[in-house]
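Quick caveat, the model's predicted, so the values are computed rather than measured.
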Amino acid sequence: MPAKNILITGRPGVGKTTLIFRLIEQINLPCVGFYTAEIRESGRRMGFEAIALHGPKLIMSHVDIKSPYRVSKYGVDVANFERFLKEIPFFDPKYAFIVIDEIGKMECFSPLFKKLILKLLDHDTPLIATIALRGDAFIESIKTRHDVHVYTVTYDNRDKLAMELYPVLKELAKGRNKEAN
């Protein structure tokens, strides 16, 4: 049996989020979680939003947000992000997979998010998440857990990795949903 939790890492812009979408589409089973997307205005990146797979979305960071939590030029709205997380039914047993895009510096400003990640990693439902290539001690400790397998996306392997991961996810899904067997 493969490690229960799948972590996808790689350089910014290499295709981690695109890979997550391909995997969700391929496995065709109910998933819960969220992904992040750039906010662009007049062709310039102005911030990031968090979007639930089924439900709410919010502006997580933006150049106009005044906050003590900052990543580069972006202020991070930690309180709003934590309200958003509380609206997602991560532990509902009807879901075959939990999807988190991403475990990164911005998200890890939230103590609630860090606690949630640890609970999700320990939960019965497999986690598929993107994770920063380099990070603080918390991020690095997640990558070395015994119950995770880390896949690194590169420009050379990003198209093949979805096909490589499909049988792994199918194996993890066995017993979680009749259609997966």
Side-chain angles (χ1 to χ4, degrees), residues 1-38 48-57 60 81 84-85 87-108 113-114 116-135 138-181:
M1 181 78 165
K4 179 187 76 73
N5 301 300
I6 304 298
L7 300 180
I8 299 165
T9 193
R11 295 176 49 194
V14 75
K16 296 181 297 291
T17 301
T18 301
L19 177 59
I20 288 279
F21 283 127
R22 283 186 185 163
L23 294 173
I24 290 171
E25 186 178 290
Q26 281 181 340
I27 57 178
N28 194 29
L29 293 170
C31 297
V32 65
F34 73 93
Y35 64 97
T36 56
E38 291 183 353
F48 295 89
E49 61 185 348
I51 304 164
L53 294 179
H54 310 286
K57 71 178 183 175
M60 186 168 64
F81 180 54
F84 168 80
L85 292 172
E87 294 182 40
I88 301 173
F90 289 107
F91 299 99
D92 188 326
K94 74 180 179 186
Y95 295 106
F97 291 96
I98 299 166
V99 176
I100 301 288
D101 173 41
E102 83 178 86
I103 303 169
K105 183 176 182 178
M106 221 175 273
E107 295 81 6
C108 287
F113 177 76
K114 290 167 84 170
L116 175 65
I117 290 300
L118 294 175
K119 286 181 184 175
L120 293 175
L121 287 164
D122 291 337
H123 190 58
D124 292 340
T125 304
L127 173 70
I128 306 168
T130 61
I131 191 163
L133 185 61
R134 291 180 193 84
F138 177 77
I139 288 173
E140 295 307 316
S141 72
I142 290 171
K143 291 189 222 175
T144 60
R145 287 176 54 120
H146 73 281
D147 59 350
V148 304
H149 189 107
V150 180
Y151 294 85
T152 302
V153 180
T154 66
Y155 291 110
D156 292 334
N157 74 355
R158 65 184 180 182
D159 293 326
K160 295 178 230 162
L161 204 47
M163 291 188 314
E164 181 182 325
L165 282 171
Y166 177 72
V168 173
L169 297 178
K170 190 146 176 79
E171 181 67 24
L172 286 172
K174 282 187 178 175
R176 297 213 48 84
N177 188 302
K178 289 179 196 169
E179 297 147 42
N181 294 319

Closest approach of Ala3 and Val148, non-hydrogen atoms and distance? CB-C, 3.6 Å
Verdict with reasoning, Leu85 to Glu107, per side-chain contact (heavy atoms from CB on, under 4.5 Å): CA-CA 11 Å; Leu85 292 172; Glu107 295 81 6; over 6 Å; no
Spacing of CD1 belonging to Ile27 relative to CG belonging to Leu169, to within rounding of 0.5 Å: 5.5 Å
Going by side chain to side chain contact (heavy atoms under 4.5 Å, CB included), Cys108 matches just one of Ile117, Ile103, Ile142. Which one? Ile103
Where Gly104 and Ala132 come nearest, the two heavy atoms and their spacing: CA-CB, 4.3 Å
How far apart are the C-alpha atoms of Phe113 and Ile100, what are their side-chain angles, what is the distance that settles it, and do they pass the side-chain contact (heavy atoms from CB on, under 4.5 Å) test? CA-CA 11 Å; Phe113 177 76; Ile100 301 288; 4.1 Å; yes
Can you confirm whether Tyr151 sits close enough to Asn157 that some side-chain heavy atom of one is under 4.5 Å from a side-chain heavy atom of the other? no
Less than 4.0 Å between a side-chain N and a carboxylate O, is that true for Lys143 and Glu140? yes
Closest contact, heavy atoms only, Leu53 versus Val32: CD1-C, 3.7 Å
Straight-line distance of Ile51 CD1 to Met60 CE, nearest 0.5 Å: 10.0 Å
Please name the pair of heavy atoms, one in Ala50 and one in Phe34, separated by the smallest distance, quoted to 0.1 Å. CB-CD1, 4.2 Å
Scanning both residues in full, the closest heavy-atom pair of Gly13 with Lys16 reads N-NZ, 4.4 Å
Full working for side-chain contact (heavy atoms from CB on, under 4.5 Å) between Phe91 and Leu120: CA-CA 8 Å; Phe91 299 99; Leu120 293 175; 3.6 Å; yes
With side chains defined as the heavy atoms from C-beta onward, is the minimum distance between Thr130 and Tyr35 less than 4.5 Å? no
Between Thr18 and Val153, is there a side-chain heavy-atom distance shorter than 4.5 Å? no
Arg145 vs Asp122, test: side-chain contact (heavy atoms from CB on, under 4.5 Å). Steps then yes/no. CA-CA 10 Å; Arg145 287 176 54 120; Asp122 291 337; 2.7 Å; yes
To the nearest 0.5 Å, what is the distance between OG1 on Thr152 and CG on Leu7? 10.0 Å
In the structure I gave you, are the side-chain heavy atoms of His123 and Phe90 within less than 4.5 Å of one another anywhere? no
Nearest 0.5 Å, please: how far is CD in Glu102 from OG1 in Thr36? 5.0 Å
Quick one, Leu172 and Ile6 - any side-chain contact, counting heavy atoms below 4.5 Å? yes
Heavy-atom closest pair, residues Arg22 and Arg158: NH1-O, 3.7 Å
Any non-hydrogen side-chain atom of Thr17 less than 4.5 Å from a side-chain atom of Glu38? no
Do any N or O atoms from the side chain of His54 and from the backbone of Cys31 form a donor-acceptor pair under 3.5 angstrom? yes
To the closest 0.5 Å, what do you measure between CG (Asp156) and OG1 (Thr154)? 5.0 Å
CG-CG distance between Leu29 and Leu23, expressed to the nearest 0.5 angstrom: 12.0 Å
With no hydrogens and no angle check, is any side-chain donor or acceptor of Lys4 less than 3.5 Å from a backbone partner on Leu121? yes
